[in-house]
There are 2 protein chains.
Amino acid sequence: MGVLSRNSVTILDVARLARCSITTVSRVLNNSSHKVNEETRKRVLEAIRELDYRPNALAKSLLSKRTMTIGAVVPDISNPYYAEVVRGIQDTADQEGYTVLIQNTDRSSDRLRRGIHILREKNVDGFIFTGGLHGMERIGELLCELKERTVVIGRLEEEFPSVRVDNEQASILAAEHLVQKGYHRIAYVSGALYSTTMVDRLEGFRKALKQFNLPETPGYIQEGKQTLESGYEAMRRLLSLPEKPEAILFANDQMLFGAMKALSERGLRVPKDFAVIGFDNVPLCSYFDPTITSIEIPKYELGQAATRLLFSLIRGENPQTPLWFPVRLIERESTSASKLRSMDRQKGKKLPTF
Amino acid sequence: MGVLSRNSVTILDVARLARCSITTVSRVLNNSSHKVNEETRKRVLEAIRELDYRPNALAKSLLSKRTMTIGAVVPDISNPYYAEVVRGIQDTADQEGYTVLIQNTDRSSDRLRRGIHILREKNVDGFIFTGGLHGMERIGELLCELKERTVVIGRLEEEFPSVRVDNEQASILAAEHLVQKGYHRIAYVSGALYSTTMVDRLEGFRKALKQFNLPETPGYIQEGKQTLESGYEAMRRLLSLPEKPEAILFANDQMLFGAMKALSERGLRVPKDFAVIGFDNVPLCSYFDPTITSIEIPKYELGQAATRLLFSLIRGENPQTPLWFPVRLIERESTSASKLRSMDRQKGKKLPTF
DNA sequence: TGAGCCATGGAAAAGGTTTTCCTTGCAATG
DNA sequence: CATTGCAAGGAAAACCTTTTCCATGGCTCA
């Protein structure tokens, strides 16, 4: 051990120390089928340990045309939703010895383009896209030879293999839940519509209005930006409407949390005065007061499945796609029968509900 | 344009098309000082465009021993604190044409070791560590030749250049604030003590107790795990003590949010029944109800400064270090004079306070 | 006329692997 | 004894660049 050499040690150094050729060292290293004498192998292994030799991945990649690296393009890593997806990707990649190179787009198509170029130049073995940009010019052209090694989480361009949840259906599910609870005047706060996810969720809400014969009141559909602040402002706009909604569906939990502030500022309470329901089911939902009903998206699993799908592509297989994942509604206090709850709270008797 | 070739095009292809040697192509590519005829240059550029040629970064790196990639080792990317630090790193690296390879350690020293090995194998040009592991065997040995191209955010091993905040002083600041507000029975909820940050914050709290002559009640210092759940449980333990604290300092905001649930379950209110104060000042602090007093850590700036420090190291400079960053206390409702606030809320007259 | 300089271009080495192909020596088989 | 086959090892090509060094031809200046 030891010998913390300043400049890195190469396979040649090992060969010299083990008194053999670099070919033999390479064979031991990759335990190739070509036989090597047990004694020689010992010497080589000893030399490797002695020098703390590690093969240079660059040289290896140059030859094998495999970098064991995949690129992930995400809109915003500090959003808990994508953070969880990325975890799924990283863990799964790691299991197969792959590394993940993450590019933030900040939801700008310029940065998206730039990110793709960087990743291509770094010779990634495949791409995972998430948080698709809606209405951006065709992405396929930028990918070139990597086009066949690209998977999408969600919906981007139809040609790509993808891993998805049915966001339209999810919105309908949420609306149905509210209807069953007896709410009719339902508002919707959307995220920015350059994301296909946001487009689908909004579309689903519109369909639900029709399906359940709900009124479509002007101003009941607000568009925001998937941030706390944007949710806060959207809520204030809703509160300034002449005829207030009874329940609000938010296209993501962040916006909902922001909106809660607008409510409490007015002394309004959930679920007594409004029912609210979110999207994504981030961890805070079960810790907020009141706990928040939300549509659970299997974030980690999406990342995991996308990565597995990509590996299957890399292996040259022809996997079935799209892969659909189920969503489910997690009911919590924010949509529970209102009168009952507010009494409980006053008596300070609430039990833990996660 | 076009010709979306299946297998990548090399500098040789360009040379052939432009009827010159690869040397010449390389020269126009890196516009070297060696003169090349204007007409030839035209032909080369035309060929490059025609074939959509992009130099292979792998081959370039193999030669130059520079990968234009830096490695970042973080405990948990889905923690909003580290997400923000990473943003600072990525943005800054990007400006200089560098890419960032992120390794999650999940706070396990095994995964830390593994992460370092992977990054070394990928030939990163430098390391940034954050969320130092306390009491782990010396990390320097794992870094070998990269030891001189490593910076730390926080405190890890004294020999490394670092970018820091004074966490001890920050805890004292928080305690002082509570004392000034008239609180004396102060509890502290710590994160897991394998993080040097958490060690320092706790140490600061202990010093503050002495400095302000506060009682050190048994059970008033709880240790948890920097998660919502852990904060919830710590709070429940505090609430079961015979003599309850008046104010609680949390070693991070996540734990504080978790604790809020434990409080509301008991019908207890902040700041009426308890004052609470957090650490990190994540965005939600200003949107929670009540808004949360927290110690602001310049997360993005820490990442930014660390990256700049690293670049300075890579350039062979000998920068001054450690670099200290200021913290400040952001006062919000969770520690404001209690009687007043609770009246406001009942009248529904509260104004927006961020 | 010849020496030296400049503009332009190419050949080849280097970087660290893996892999293909070849060599050597020895044992077994006829 | 001659032939075949196998175990073990090495040489060299290939991967794609950049960079150093050399070659050529034309021009200027003494």
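In what follows, every chain begins at residue 1, and chains take the letters A, B, ... in the order their sequences are listed.
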Any side-chain to backbone donor/acceptor pair from A:Thr105 onto A:Arg111? Under 3.5 Å, distance only. no
Run the numbers on A:Glu46 and A:Arg49 for salt bridge (Lys or Arg N to Asp or Glu O under 4.0 Å), then give the verdict. CA-CA 5 Å; A:Glu46 177 55 32; A:Arg49 201 149 14 119; 3.1 Å; yes
Quick one: is C:dG9 close enough that its OP1 or OP2 comes under 4.0 Å of any side-chain N or O from B:Thr40? yes
Just how far, in rounded Å, is C1' of D:dT17 from CD of A:Glu121? 13 Å
Where do A:Asp91 and A:Tyr300 come nearest, in terms of heavy atoms and distance? OD2-OH, 2.6 Å
When the distance from NZ of A:Lys35 to C1' of C:dT24 is rounded to whole Å, what number comes out? 18 Å
Ignoring hydrogens and angles, answer whether the base of D:dA11 and the side-chain atoms of A:Ser21 contain a donor-acceptor pair closer than 3.5 Å. no
Within the side chain of B:Thr69, is there an N or O that forms a donor-acceptor pair under 3.5 Å with the backbone of B:Val100? no
Which nucleotide wins on minimum distance to the side chain of A:His34, given the candidates D:dT17, D:dA8, C:dG9? D:dA8
Between C1' on D:dA13 and CG on A:Leu62, what's the gap in Å once rounded to a whole number? 13 Å
Report yes if at least one side-chain N or O of B:Thr24 is closer than 4.0 Å to OP1 or OP2 of C:dG10; otherwise report no. yes
Whole-Å distance separating the CG atom of B:Asn56 from the P atom of D:dA14: 18 Å
In whole Å, what is the span from the CG atom of B:Leu29 to the P atom of D:dT17? 9 Å
Base, sugar-phosphate or nothing for A:Thr10? Non-hydrogen atoms, less than 4.0 Å. sugar-phosphate
Mapping A:Glu38 and A:Thr23 onto DNA chain D by nearest heavy atom, which one lands closer to the 5' end? A:Glu38
A:Ala59, nearest nucleotide to its side chain (from D:dT17, C:dT17, D:dA8): C:dT17
A:Asn37 CG to C:dT24 C1', in whole Å, measures 15 Å
Measuring to OP1 and OP2 of D:dC16, would you say a side-chain N or O of A:Lys65 lies under 4.0 angstrom away? yes
Give a yes/no on whether any side-chain N or O of B:Tyr53 is located under 4.0 angstrom from OP1 or OP2 of D:dC16. no
Output for pair (B:Thr99 OG1, A:Leu101 CG), nearest 0.5 Å, gives 6.0 Å
Mind calculating the distance between CE (B:Met68) and C1' (D:dT17) to the nearest angstrom? 16 Å
Side-chain contact test, heavy atoms from C-beta onward, threshold under 4.5 Å: evaluate it for B:Leu313 versus B:Phe127 and give yes or no. no
Just compare C:dG9, C:dT18, D:dG9 and give me whichever is closest to any side-chain atom of B:Val36. C:dG9
Can a donor-acceptor pair under 3.5 Å be found between the side-chain atoms of A:Arg27 and the base atoms of D:dG10? yes
Check whether any side-chain nitrogen or oxygen of B:Asn30 sits under 4.0 Å from OP1 or OP2 of D:dT18, and answer yes or no. yes
Does C:dT17 have OP1 or OP2 sitting under 4.0 Å from an N or O in the side chain of A:Ser26? no
At less than 3.5 Å, do the side-chain atoms of A:Arg54 and the base atoms of C:dG16 form a donor-acceptor pair? no
What is the distance from CG of B:Leu63 to P of D:dC15, rounded to the nearest Å? 17 Å
